[in-house]
Amino acid sequence: MDSILVRGGRELHGVIPIAGAKNACLTLMPATLLSDEPLTLTNAPRLSDIKTMTALLQSLGAEVTSLQDGKVLAMSSHDLTTHVADYEIVRKMRASNLVLGPLLARHGHAVVSLPGGCAIGARPMDLHTYGLECLGASIELKDGYLHATAPLGGLRGGVIEFRMPSVGATENVVMAATLAKGTTVIRNAAREPEIVDLVRCLRKMGAEIEGEGSSTITIQGVDRLGGATHQVVTDRIELGTYMLAPAFCGGEVELLGGRIDLVGAFCEKLDAAGVQVEETERGLKVRRKNGRVNAVDVVTEPFPGFPTDLQAQIMALMCTANGTSVLEERIFENRFMHAPELVRMGAKIEVHGGHATVTGVERLRGARVMATDLRASISLILAGLAAEGETVVSRVYHLDRGYERVEDKLGACGALIERVAS
Ligand code: EPZ
């Protein structure tokens with residue numbers, strides 16, 4: 001398992017290209033199952049999660065060809081060979097459950113393994129099954145697999161009222177509803193930009209959908225969907241992550257492809273923390289206004305609130321902020337596992353249930369730390385940029401799930417960072 005070694009204390013100066021969104025690509029790829037015509041994605045990120053989704057679609061019989069060093073994915077699911085999503089693949093990546101809706105809609109049947117727990121929480125699928133049952137599906141759990149069957153005449157439109165917004169459940173229901181007979185209305189839908197991107201792609205395929213990005217999405221089912229070519233939207237979580245980098249160690253970076261509308265609530269917090277964000281023709285230019293950032297309080301919420309996927313990163317920044325900050329994690333039940341690793345670097349953090357209180361210290365000290373999940377791993381690397389001495393982050397396979405070659409992107413801006421094979 002590789003490690004990443006970071007030597008702190010160097011300012012960052014340069015440009016960082018932001019890739020296509022992992023969490024958009026992971027829902028766009030299963031959309032190929034809805035049509036027997038080719039679906040091509042451009043601006044795809046080069047990540048291990050994309051490779052996992054590729055393997056899953058291929059295991060179903062879909063063709064997925066990676067072109068231009070992985071930035072283009074040419075897909076076709078003309079002849080599927082099975083509708084069973086195997087545990088061995090699903091357990092590695094929860095987003096595998098996004099084949100459920102498309103398989104059910106186009107093929108009338110889907111058998112998808114429950115993903116099992118993950119580091120950040122139990123991550124049940126009750127909202128997915130509820131939503132699809134509102135479209136007429138019958139779903140039962142057998143031997144750890146969800147067995148879903150559409151009615152004989154296929155799925156039919158329905159009204160879904162989610163008790164809470166769920167990104168994945170909204171995506172599964174939207175995809176399934178495109179081929180259901182009649183009208184589907186989803187209330188309390190998730191509003192994330194990745195859902196907006198999915199709807200834009202489905203519309204190119206011939207779907208009739210309105211309201212994406214709002215809490216109510218309406219879908220008129222159609223008989224079939226065609227092919228399309230779609231550019232994956234910019235990754236707002238990678239963007240937000242690298243917007244923080246100069247705030248840790250000084251300097252100024254320009255984030256190519258960055259868009260303010262993707263990181264609204266996050267930018268408000270950066271402004272309060274004393275981080276300047278300026279729109280340029282190529283993206284966003286970011287620098288720290290003065291020597292030390294201010295402590296800010298954060299509550300994670302569904303979009304357009306502060307993203308849970310940026311909570312670990314801003315916690316790491318608050319470790320050397322001027323003052324005390326309180327972070328409340330409202331989306332997942334166990335998403336503070338980076339805290340004890342940051343404490344090993346000299347941070348002062350107290351965790352009580354869903355709240356973490358961070359008292360800023362002058363400097364962190366480099367240490368050997370362990371990545372526990374995707375976003376925790378990058379927060380430790382960012383902390384290493386600010387720390388005195390050397391930080392070694394182990395188990396960076398977590399990192400490679402969601403960040404393209406971090407050492408290249410940060411190294412190009414002057415960071416002393418390298419990947420150590422072990
Ligand atoms: C998506 O996960 C993202 N993953 C996550 O990003 C992100 O953290 C999350 O949305 C929240 O924004 C992808 O898009 C592939 P949810 P998802 O359903 O869809 C509960 C990353 O780091 N819930 O919106 O699984 C759930 O337990 C990853 O890139 C149910 O109770 O998230 C959680 O507490 C991590 N029942 C809350 O809802 C359900 O049926 C939000 O989950 C589904 C979810």
Side-chain angles (χ1 to χ4, degrees), residues 18-32 39 41-54 56-57 70-71 73 75 90 92-102 115 118-121 123 125 127-128 165-175 189-202 212-213 217 230-243 257-259 261-266 300-313 331-332 335 373-379 398-404 406:
I18 302 301
K22 167 179 82 82
N23 291 347
C25 202
L26 289 175
T27 188
L28 289 162
M29 290 174 76
T32 189
L39 174 61
L41 299 178
T42 61
N43 194 37
R46 279 78 58 93
L47 303 167
S48 58
D49 270 9
I50 304 306
K51 293 193 172 79
T52 303
M53 182 59 81
T54 297
L56 174 60
L57 293 175
K71 290 205 78 164
L73 297 170
M75 301 179 291
V90 175
K92 281 193 285 187
M93 184 182 67
R94 170 181 171 75
S96 307
N97 63 19
L98 293 170
V99 301
L100 181 59
C118 84
I120 62 177
R123 311 205 53 193
M125 281 192 59
L127 295 171
H128 296 248
S166 157
V167 173
T170 302
E171 290 164 345
N172 251 329
V173 172
V174 163
M175 288 192 281
R191 300 172 54 192
E192 273 67 5
E194 292 75 35
I195 291 168
V196 172
D197 203 40
L198 170 65
V199 170
R200 286 189 178 141
C201 178
L202 292 170
E212 70 278 11
I217 301 176
H230 181 75
Q231 179 177 311
V232 179
V233 69
T234 300
D235 193 320
R236 64 192 169 96
I237 305 303
E238 187 192 30
L239 171 62
T241 300
Y242 286 123
M243 287 172 76
R259 286 171 29 196
D261 65 301
L262 294 172
V263 283
F266 179 69
T300 64
E301 294 175 305
F303 196 87
F306 189 99
T308 174
D309 293 349
L310 288 170
Q311 176 259 110
Q313 297 91 315
I331 305 296
F332 290 107
R335 205 170 195 178
D373 60 84
L374 166 55
R375 306 303 174 182
S377 52
I378 194 73
S379 75
H398 290 292
L399 189 71
D400 297 334
R401 294 189 52 180
Y403 291 92
E404 283 182 0
V406 174

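The shown structure was predicted, so the numbers you read here are calculated from the model rather than taken from an experiment.
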Salt bridge (Lys or Arg N to Asp or Glu O under 4.0 Å) against Arg46, all qualifying residues, sequence neighbours excluded: Asp69, Glu404
Separation of Met175 CE from Leu202 CG (nearest 0.5 Å): 7.5 Å
Closest non-hydrogen atom pair between Leu239 and Gly258, with its separation: CD1-CA, 3.7 Å
Interatomic spacing from CE in Met243 to CD1 in Ile18 - rounded to 0.5 Å: 9.5 Å
Side chains of Leu73 and Ile50 in contact at under 4.5 Å (non-hydrogen atoms): yes
For Gln311, all residues meeting side-chain hydrogen bond (donor to acceptor under 3.5 Å, both in side chains), sequence neighbours excluded: Glu329, His338
Partners passing side-chain contact (heavy atoms from CB on, under 4.5 Å) against Thr241 (at least two apart in sequence or in another chain): Ile237, Leu310, Gln313, Ile378, Leu382, Tyr403
Results of ring-ring contact (aromatic ring centres under 6.0 Å, His included) for Tyr242 - residues two or more places apart only: none
Nearest-0.5 Å distance, OG1 of residue Thr27 to CD1 of residue Ile195: 8.0 Å
Criterion side-chain contact (heavy atoms from CB on, under 4.5 Å) on Val232 and Thr42, from CA distance to verdict: CA-CA 6 Å; Val232 179; Thr42 61; over 6 Å; no
Shortest non-hydrogen contact between Thr300 and Pro307, atoms and distance: CG2-O, 4.3 Å
Least distance between heavy atoms, Leu262 atom then Pro193 atom: CD2-CB, 3.8 Å
Distance-minimising heavy-atom pair for Leu98 and Pro30: O-CB, 3.4 Å
Value rounded to 0.5 Å, distance of NZ in Lys92 from CE in Met53: 12.5 Å
By salt bridge (Lys or Arg N to Asp or Glu O under 4.0 Å) - contacts of Glu192 (at least two apart): none
Partners passing salt bridge (Lys or Arg N to Asp or Glu O under 4.0 Å) against Arg335 (at least two apart in sequence or in another chain): Asp309
Candidate pair Arg200 and Gln231, rule side-chain contact (heavy atoms from CB on, under 4.5 Å), full reasoning: CA-CA 10 Å; Arg200 286 189 178 141; Gln231 179 177 311; over 6 Å; no
Atom pair CE (Met29) and CG (Leu57), whose distance is rounded to the nearest 0.5 Å: 5.5 Å
Main-chain N/O of Ala19 paired with Asp235 side-chain donor or acceptor, under 3.5 Å: no
Donor-acceptor contact present, side-chain Ser48 to main-chain Asp400, <3.5 Å: yes
Sub-4.5 Å side-chain heavy-atom contact between Arg236 and Glu194: yes
Residues which pass side-chain contact (heavy atoms from CB on, under 4.5 Å) with Ser96, listed by chain and number, not counting sequence neighbours: Leu56, Ile89, Val90, Met93
Residues which pass salt bridge (Lys or Arg N to Asp or Glu O under 4.0 Å) with Asp49, listed by chain and number, not counting sequence neighbours: Lys22, Arg401
Non-neighbouring partners of His398 that pass side-chain contact (heavy atoms from CB on, under 4.5 Å), sequence neighbours left out: Ala371, Ser377, Arg395
Residues forming a side-chain hydrogen bond (donor to acceptor under 3.5 Å, both in side chains) with Asn23, sequence neighbours excluded: none
Beyond-backbone contact of Asp197 with His230, side-chain heavy atoms, under 4.5 angstrom: yes
With Ala169 via side-chain contact (heavy atoms from CB on, under 4.5 Å) - residues at least two apart: Leu127, His128, Phe162, Ser166
Where Ala265 and Pro304 come nearest, the two heavy atoms and their spacing: CB-O, 3.3 Å
Taking every non-hydrogen atom, the tightest pair across Ala312 and Ser379: O-CB, 3.3 Å
